[in-house]
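In what follows, a structure is listed as structure tokens, so that the remarks can point back to it.
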Amino acid sequence: MIRIRSCRGFGEFDTCVQLQIETWGYDYTEIIPRKTFLLAQKIGGQVIGAFDSDAEDDGISDEPDALIGFAMSLPGIRTENGVAHPYLHSHMLAVQEGYRNRGVGMLLKREQRREALARGIFHMEWTFDPLEIKNAFLNIHRLGAVVRSYRPDFYGVSSSRLQGGLPTDRLVAEWELNSLRVKTILEGRNPGESGSIAIEERIRVPAAIYQWKASDQDRNRALTVQLENRRKFQEAFSRGLAVLGFSLDAERNGIFELGKFPT
Ligand SMILES: CC(C)(COP(=O)(O)OP(=O)(O)OC[C@H]1O[C@@H](n2cnc3c(N)ncnc32)[C@H](O)[C@@H]1OP(=O)(O)O)[C@@H](O)C(=O)NCCC(=O)NCCS
């Protein structure tokens, strides 16, 4: 049984730090320390944990290691027409390897949304690697985020093992928490049922990208895809297109679906 709630106490923040290291393998230049988790929560961000309550209720103690996933976000301000609006930048989402693909990531994102809306925050953003098919599937297809911008080599060189030494290109996911699109998708319905979304372009990521990124021999193939897709995304976004859908073909290749963003 997985329970989702805000983290509390140094022990739980420490476990978030550990899970971060386990997940990304960052070196000391990139690790977010316990202090920052604590501060994020204190200044209006979020540190939400997923807890395996069976482990927690084992009668031994309220072990911090029962935390098997977390979502961390920082408060942000964006200014539109001279007016400042608060939003949340979701910086990290991690689920311990043995608990993945069981819906925990979705539960954490849903709780981020619920908690933000309860405080009157309607917008959330995060960046993700356009080569990570699973993350794109989760962000676009399951959560209903849209993407309108591309940041080449956003973080500079990264020690993340998920990056495979490639430039840290990122797409920016925009999650309009109370939009019809997001509500429809979270209810498991298709936002294009009304037929209003016309797909004008598709950008493909081969399923083999994970092996290519992880292999010294094939890393250049991953880089070629990254550079080619970077060009396609930038060109499409400059024409006013947005990523509105994401699908998987029979071979589990990922396909970004771009169309005009309904205004
Ligand atoms: C991204 C992450 C947090 C997702 O957590 P999770 O608990 O596995 O997510 P969920 O189970 O809620 O959802 C995953 C979805 O992706 C699907 N999926 C799994 N592998 C996939 C793949 N290779 N391609 C496409 N979709 C995939 C799952 O089937 C599931 O969809 P479904 O519910 O429709 O079946 C987790 O994989 C993780 O910690 N990854 C490493 C860190 C990371 O990349 N974080 C995000 C960027 S900051």
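When a ligand or atom number is given, it counts from 1 through the structure's own listing order.
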Identify every side-chain donor-acceptor pair in residues 82-92 under 3.5 Å, counting partners at least two apart or on other chains, and give the distances.
from: S90; atom 1: OG; to: K109; atom 2: NZ; distance (Å): 3.3
from: S90; atom 1: OG; to: Q112; atom 2: NE2; distance (Å): 3.1

I'd like to know if [X] pairs up with [Y] as an ion pair, taking the criterion as any Lys NZ or Arg NE/NH1/NH2 lying under 4.0 Å from an Asp or Glu carboxylate oxygen.
X    : Y    : answer
R252 : D249 : no
K232 : E235 : no
R3   : D54  : no

Could you pull out every N or O of ligand 1 that sits under 3.5 Å from a protein N or O, with the distance for each pair?
from: ligand 1; atom 1: 7 (O); to: G105; atom 2: N; distance (Å): 2.8
from: ligand 1; atom 1: 8 (O); to: N101; atom 2: N; distance (Å): 2.8
from: ligand 1; atom 1: 8 (O); to: K134; atom 2: NZ; distance (Å): 2.7
from: ligand 1; atom 1: 11 (O); to: N101; atom 2: N; distance (Å): 3.4
from: ligand 1; atom 1: 11 (O); to: R102; atom 2: N; distance (Å): 3.2
from: ligand 1; atom 1: 11 (O); to: G103; atom 2: N; distance (Å): 2.8
from: ligand 1; atom 1: 12 (O); to: G105; atom 2: N; distance (Å): 3.3
from: ligand 1; atom 1: 12 (O); to: M106; atom 2: N; distance (Å): 2.9
from: ligand 1; atom 1: 33 (O); to: R142; atom 2: NE; distance (Å): 3.3
from: ligand 1; atom 1: 33 (O); to: R142; atom 2: NH2; distance (Å): 3.0
from: ligand 1; atom 1: 34 (O); to: R142; atom 2: NE; distance (Å): 2.9
from: ligand 1; atom 1: 37 (O); to: K134; atom 2: NZ; distance (Å): 2.8
from: ligand 1; atom 1: 39 (O); to: V95; atom 2: N; distance (Å): 2.9
from: ligand 1; atom 1: 39 (O); to: V95; atom 2: O; distance (Å): 3.4
from: ligand 1; atom 1: 39 (O); to: R100; atom 2: NE; distance (Å): 3.4
from: ligand 1; atom 1: 44 (O); to: N135; atom 2: ND2; distance (Å): 3.0
from: ligand 1; atom 1: 45 (N); to: L93; atom 2: O; distance (Å): 2.8

Tell me which donor-acceptor pairs under 3.5 Å the side chains of residues 35-43 have, and how far apart each pair is, sequence neighbours excluded?
from: Q41; atom 1: NE2; to: C7; atom 2: O; distance (Å): 2.9
from: Q41; atom 1: NE2; to: V47; atom 2: O; distance (Å): 3.4

- For Y210, enumerate each residue passing the side chain to side chain contact (heavy atoms under 4.5 Å, CB included) test, keeping only those at least two apart in sequence or located in another chain.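 Y210 satisfies side chain to side chain contact (heavy atoms under 4.5 Å, CB included) with E132, I133, K134 only.
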